[in-house]
Amino acid sequence: MDFKQQVIAALEPTVSEFLSKEALMNVIEVPKSSDLGDYAFPTFQLAKSLHKAPQQIALDLVAKIDQTAFEKVVATGPYVNFFLNKQTFSEETLKTILKADQNYGDQDLGHGGNVPIDMSSPNIAKPISMGHLRSTVIGNAIAKILTKTGYHPIKINHLGDWGTQFGKLIVAYKKWGSEAAVREDPITNLLNYYVRFHKEDVAHPELDDEARAWFKKLEDGDQEATDLWQWFRSESLKEFQKIYQMLGVEFDSFNGEAFYNDKMAEVIDLLKAKNLLHESQGAEIVDLEKYGLNPALIQKSDGATLYMTRDLAAAIYRKRTYHFVQSLYVVGNEQSEHFQQLKAVLKEMGYNWADQIVHIPFGLITENGKKLSTRQGRVILLEEVLNDAIRLAKAQIKEKNPDLPNQDKVAKEVGVGAVIFHDLKNDRMDNFDFNLEEVVRFEGETGPYVQYTNARAQSILRKSSLSYTLDDALALTDDAAWDILKLLADYPEVIQRALKLYEPSVIAKYSLRLAKQFNKYYAHTRILVDDPQLNARLSLVKSVTIVLENALSLLGVASPQEM
RNA sequence: GUCACAGUGGCUCAGUUGGAUAGAGCAACGGUCUUCUAAACCGUAGGUCGUGAGUUCAAAUCUCACCUGUGACACCA
């Protein structure tokens, strides 16, 4: 039942002269504190047409409207405040959640439409850093939110697996590397070769020529170059998979930059055919002045293609392959101009689906206020952070709950959960300075706080020999339960907002609010007491676990049953 | 210089479409485990919402200007 509609129905007869149903829909709000009521109608807008003080209007309305559907309706200053019938609301809400279980909040907004998501996208032969974490976990959460709302997400890991750096890597490997070392620890050693190359080429610039030559060989399909590239790529991917497994993230495609090599000639032909390509300073560009943008560089003066060309090919490929209804790119905010250009070029090419492309930017992670840079050695390795978090979680378990079974599994769920949740709880556009203590904190507004709340609730359910039934009364009318019930009823709307804004933090913040409210209830109310309300209280506890676990799962965070 | 993003208690951040006394968490101080997991709960203290003007019955929220920080600005991705 839509309780807001009840409020509108009650007001409509008396105010229809001045405000339409739709206007009422927009103007009715939720008071800040539930002491004031569950819905409120501010009377300011009527003051002009009625030539009366808002306070007086509120009093008049309360006297006129039909209050039977509500517990009470009162005028507080210029507001008409509606208090819902707690019994009906409680029964409806709990029944809906218990029946739907993990499907509570599902809604078919997408009708199965395909939505490719470009996410994570690390570079081969380089470690996964905290920067990649953001793209990975934001993309993963958005994918889950899309599934929940009836879309069909396709998670694409657009690997950085092509480019002149592979020429350098081959040169470095042949000069200083060994097969055994790469097999032993691929990322570390490949990165070492790469770093050494950059050190040595200062004194020996001829190394760069060698690297160029090797990359040319790779492009021309030379067997040795291709074999090495293939090997570096697969060894790197094996390493990446370890981290993705820790994070619980899976991909539908690993088609990276190399995949589009044979698809770029067509893009250039298309641009030429549409007369969009212009020569400028030796390079081929698409002019975007009418969009207020810098020109898009399509081809370098030496004939090589660029990031833009590859992304155009990828965008077109994805449209042809997936017939997407939206195409998302979870990529840092520093690249926002690139995506504006990408969309503009596609529009110039006559593709009206360019508007379905959405760049989902996120803020920068810095360390001591400075941008992280692989080349300058300022890297925070994600694997290390995750391992630190797991280790600390394990120590916490040893201290707080030493008899817990499956300690390693729980430590992993809590540690990794803390890292993921920390990344998702704030507005994704916020920059943040990396601070390990902050990331792996288990107290306060953190992932483990939500997990812990759920674990306590689960513990109660385990201890109760009685299980709740849907047939008995589910009415809870006490104030302590009321705030929880209202939050539970909000969940579907929260998911909608997260979807609309592509903002996982909306879910994370909601889970914190619900957990906080439940902890308050837990601290003040005995649940396992054999009285007539026991069934209703257990239903509430069960509903809280359903929603908390679902919210955490949308974020890609596990819900240990004990911790 | 141009564009983008941000500026809310000591620190990190909330604040749906403008609305009722600006909310949390950390840190500080004090209290609560013989009873469902104290990774919790309760309380105290702490704020010119960057600055100035404007729109409005009403502005942290909208508009403009300015200040500060970060990032991007043609042959990297």
Side-chain angles (χ1 to χ4, degrees), chain A residues 25-27 29-33 36 40 42 44-45 47-48 53-54 76-79 81 121 123 158 160 162-165 257 280-285 292-302 304-308 310-311 331-338 340-341 361 363-364 366 369-371 393 396-397 399-401 404 414 418 425-427 429-433 435 437-438 441-446 448-453 455-464 493-494 497 500-501 505-506 509 512-513 515-516 519-529 541 562-563:
Chain A
M25 190 75 191
N26 285 327
V27 85
E29 56 187 68
V30 177
K32 280 186 181 164
S33 156
L36 290 163
F44 305 103
Q45 291 196 11
K48 265 190 188 160
T76 309
Y79 293 87
N81 289 332
S121 311
N123 294 318
H158 190 82
W162 201 252
T164 47
Q165 72 266 30
E257 294 169 8
S280 167
Q281 297 171 33
E284 295 291 331
I285 62 156
L293 294 167
N294 288 324
L297 258 179
I298 302 294
Q299 201 166 28
K300 298 205 275 190
S301 42
D302 66 3
T305 53
L306 285 143
Y307 180 39
M308 179 61 71
R310 216 173 300 269
D311 262 6
V331 178
N333 187 35
E334 65 271 22
Q335 289 188 39
S336 56
E337 190 177 354
H338 167 75
Q340 286 178 29
Q341 291 178 324
L364 215 58
T366 54
K370 281 186 183 163
K371 192 179 172 178
Q396 188 88 325
I397 290 167
E399 188 194 323
K400 310 240 177 197
N401 197 355
L404 181 74
V414 172
K425 88 172 161 179
N426 289 133
D427 191 311
M429 283 302 288
D430 286 356
N431 295 337
F432 76 83
D433 202 62
N435 176 322
E437 290 89 82
E438 192 117 327
R441 179 162 273 157
F442 301 141
E443 288 157 23
E445 295 177 325
T446 64
Y449 173 86
V450 180
Q451 290 174 318
Y452 177 68
T453 310
R456 287 167 116 193
Q458 289 293 358
S459 170
I460 291 178
L461 295 175
R462 271 196 306 276
K463 289 208 163 117
S464 71
E493 210 180 305
V494 168
R497 217 169 86 234
K500 192 174 145 206
L501 302 171
S505 71
V506 169
K509 278 168 195 147
L512 283 170
R513 249 181 295 142
K516 202 173 291 182
N519 277 324
K520 194 171 169 178
Y521 181 75
Y522 181 99
H524 299 287
T525 312
R526 293 285 309 164
I527 293 156
L528 294 176
V529 180
V541 174
E562 287 181 75
M563 62 188 271

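A, B, ... follow the sequence lines: proteins, then strands. Residue 1 opens every chain. Hydrogens, waters and symmetry mates play no part in the numbers below; they use all other heavy atoms, side chains included.
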#### Entry: Contacts of type side chain to side chain donor-acceptor pair (under 3.5 Å), residue S301(A), not counting sequence neighbours
none

### Message
Regarding A20(B), can its base be found pairing with the side chain of N81(A) as donor and acceptor, where the two atoms are less than 3.5 Å apart?
### Response
yes

### Message
Would you measure the distance from the P atom in U48(B) across to the matching atom in A39(B) and give it in whole Å?
### Response
36 Å

### Message
Between C67(B) and A28(B), how many Å separate the two C1' atoms, rounded to a whole number?
### Response
33 Å

### Message
My validator wants the stems of RNA chain B: runs of 3 or more consecutive Watson-Crick or G-U pairs, both distances under 3.5 Å, written as range with range.
### Response
B:1-7 with B:67-73, B:10-13 with B:23-26, B:28-32 with B:40-44, B:50-54 with B:62-66

### Message
Generate the contact string for nucleotides 1-12 of chain B. Rules: B means base contact, S means sugar-phosphate contact only, - means no protein heavy atom under 4.0 Å.
### Response
----S------S

### Message
Could you work out, with side-chain contact (heavy atoms from CB on, under 4.5 Å) as the rule, every residue matching A47(A), not counting sequence neighbours?
### Response
P54(A), I57(A)

### Message
In whole Å, measure the gap between the C1' atoms of U16(B) and U70(B) for me.
### Response
27 Å

Protein-nucleic acid N or O pairs under 3.5 Å, nucleotides 56-62 of chain B:
unit_1, atom_1, unit_2, atom_2, d
C57(B), OP1, K48(A), NZ, 2.8

### Minimum-distance nucleotide to E334(A) side chain [options: A72(B), U37(B), C42(B)]
A72(B)

#### Entry: Integer angstrom distance from the C1' of U55(B) to that of A65(B)
15 Å

### Query
E438(A): what forms a salt bridge (Lys or Arg N to Asp or Glu O under 4.0 Å) with it, not counting sequence neighbours?
R441(A)

### Query
Considering residues at least two apart in sequence or located in another chain, which fulfil the side chain to side chain donor-acceptor pair (under 3.5 Å) criterion with N519(A)?
Y449(A), T453(A), R456(A)

### Task
Please name all residues satisfying side-chain contact (heavy atoms from CB on, under 4.5 Å) with D433(A), sequence neighbours left out, ordered by chain then number.
T366(A)

### Task
Please name all residues satisfying side-chain contact (heavy atoms from CB on, under 4.5 Å) with L501(A), sequence neighbours left out, ordered by chain then number.
R497(A), E503(A), V506(A)

### Task
Sequence neighbours left out, what passes ring-ring contact (aromatic ring centres under 6.0 Å, His included) with F432(A)? Give chain and number order.
H422(A)

### Query
What pairs with K516(A) under salt bridge (Lys or Arg N to Asp or Glu O under 4.0 Å), at least two apart in sequence or on another chain?
E445(A)

### Task
Kindly write out the residues that satisfy side-chain contact (heavy atoms from CB on, under 4.5 Å) with T525(A), not counting sequence neighbours, or none if the list is empty.
A480(A), Y521(A), R537(A)

### Query
So, is K400(A) close to the A39(B) phosphate, meaning a side-chain N or O under 4.0 Å from OP1 or OP2?
yes

